[in-house]
Amino acid sequence: SAPAATSAPAGGSGIPAGLTGTAKTIAMNWVAFFNPATPTATKLTLLQNGSKFASALQAESTNAQAKTISAKVDAVTVSGSTAKVTWDLLLSGSTALPSQLGQAVLEGGTWKVSDASFCGLLKLQPSGAPPACG
């Protein structure tokens, strides 16, 4: 069995109560990735191809708006080494983008936010997506 993923203590926030096992791990990692309090080094381990996005994540860590972003997971559907994540993007605790469809991928034993999901969000910013998004 895969080693348990390390993630910031969720405290139940942003994760549906009924989730267990792999789905819960995915939700916890998803919420941790979008938590502004999670260190950039940790976020790199929770993002598919994270090393390609080091500069983008570093920029996010100093972006005033990015510091108000968080995620609330609504549902997780696991299918082999990928999972569909339905989630809400929150700004200062209020839903800004409801019912977003994202994908998590199992990479190196850790469930990660897919780079496509992350790039989709970066494209919404005024600065646009970084070169790593292709």
Side-chain angles (χ1 to χ4, degrees):
S1 69
T6 54
S7 51
S13 77
I15 298 170
L19 288 188
T20 58
T22 300
K24 185 174 182 181
T25 298
I26 292 166
M28 286 175 60
N29 287 0
W30 196 277
V31 169
F33 178 77
F34 288 102
N35 182 339
T38 301
T40 300
T42 303
K43 289 186 178 203
L44 287 172
T45 69
L46 296 175
L47 178 64
Q48 180 186 22
N49 300 312
S51 57
K52 282 177 28 182
F53 295 94
S55 59
L57 284 170
Q58 195 59 53
E60 291 288 300
S61 73
T62 60
N63 176 321
Q65 186 187 18
K67 290 179 181 176
T68 70
I69 289 177
S70 59
K72 175 178 153 308
V73 172
D74 300 316
V76 177
T77 308
V78 181
S79 175
S81 60
T82 64
K84 195 165 61 177
V85 181
T86 306
W87 64 291
D88 301 340
L89 179 81
L90 311 179
L91 285 179
S92 302
S94 299
T95 303
L97 296 172
S99 303
Q100 296 297 293
L101 278 181
Q103 187 179 50
V105 293
L106 185 59
E107 185 181 80
T110 299
W111 282 96
K112 304 181 180 188
V113 172
S114 73
D115 51 9
S117 296
F118 184 54
C119 285
L121 284 178
L122 291 176
K123 286 175 181 152
L124 300 176
Q125 296 185 354
S127 55
C133 287

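Remember, predicted model here, so these are calculated numbers, not experimental data.
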Run the side-chain donor-acceptor check on residues 55-66: report pairs under 3.5 Å with partners two or more places apart or on a different chain.
from	atom 1	to	atom 2	distance (Å)
Gln58	NE2	Ser61	OG	3.3
Glu60	OE1	Gln125	NE2	3.3
Glu60	OE2	Gln125	NE2	3.0
Ser61	OG	Gln58	O	2.6
Thr62	OG1	Ala59	O	3.0
Asn63	OD1	Gln65	N	2.7
Asn63	OD1	Ala66	N	3.0

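- Of all non-hydrogen atoms in Ala129 and Cys119, the two that sit nearest each other are CB-O, 4.4 Å.
- Residues Glu107 and Asn49 come closest through the heavy atom pair OE1-N, 3.4 Å.
- Of all heavy-atom pairs spanning Lys43 and Ala32, the tightest one is CE-O, 4.5 Å.
- Residues forming a side chain to side chain donor-acceptor pair (under 3.5 Å) with Ser114 (at least two apart in sequence, or on another chain): Ser117.
- To the nearest 0.5 Å, atom CD of residue Gln48 and atom OG1 of residue Thr110 are 12.5 Å apart.
- A distance of 12.5 Å separates CG of Leu46 from CD1 of Ile26, quoted to the nearest 0.5 Å.
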Extract all donor-acceptor atom pairs below 3.5 Å that involve side chains of residues 76-93 and protein atoms in other chains or at least two apart in sequence.
from	atom 1	to	atom 2	distance (Å)
Thr82	OG1	Ser79	O	3.3
Asp88	OD1	Ser99	N	2.8

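- Two residues are said to be in side-chain contact when any heavy atoms from C-beta on lie closer than 4.5 Å; Leu124 and Leu97 meet this criterion.
- Without hydrogens or angle criteria, Thr25 side chain to Gly21 main chain gives a donor-acceptor distance under 3.5 Å.
- Between Ile15 and Met28 the shortest heavy-atom distance is CD1-CG, 3.2 Å.
- Residue Leu106 is grouped with residue Leu47 when hydrophobic side chains (ILVMFWY) are merged at heavy-atom distances under 4.5 angstrom, including chains of intermediate members.
- Between the CH2 atom in Trp30 and the CG atom in Asn35 there is a gap of 15.0 Å [rounded to 0.5 Å].
- Heavy atoms only, all atoms of each residue included: Lys52 and Asp115 are closest at NZ-OD2, 4.5 Å.
- You'll find the side chain of Cys133 stays beyond 4.5 Å of the side chain of Phe118, heavy atoms only.
- The distance from atom CZ of Phe53 to atom CG of Leu122, rounded to the nearest 0.5 Å, is 7.5 Å.
- Trp111 and Ala104 make their closest contact through CZ3-O, 3.9 Å (heavy atoms, listed as atom of the first residue, atom of the second, distance).
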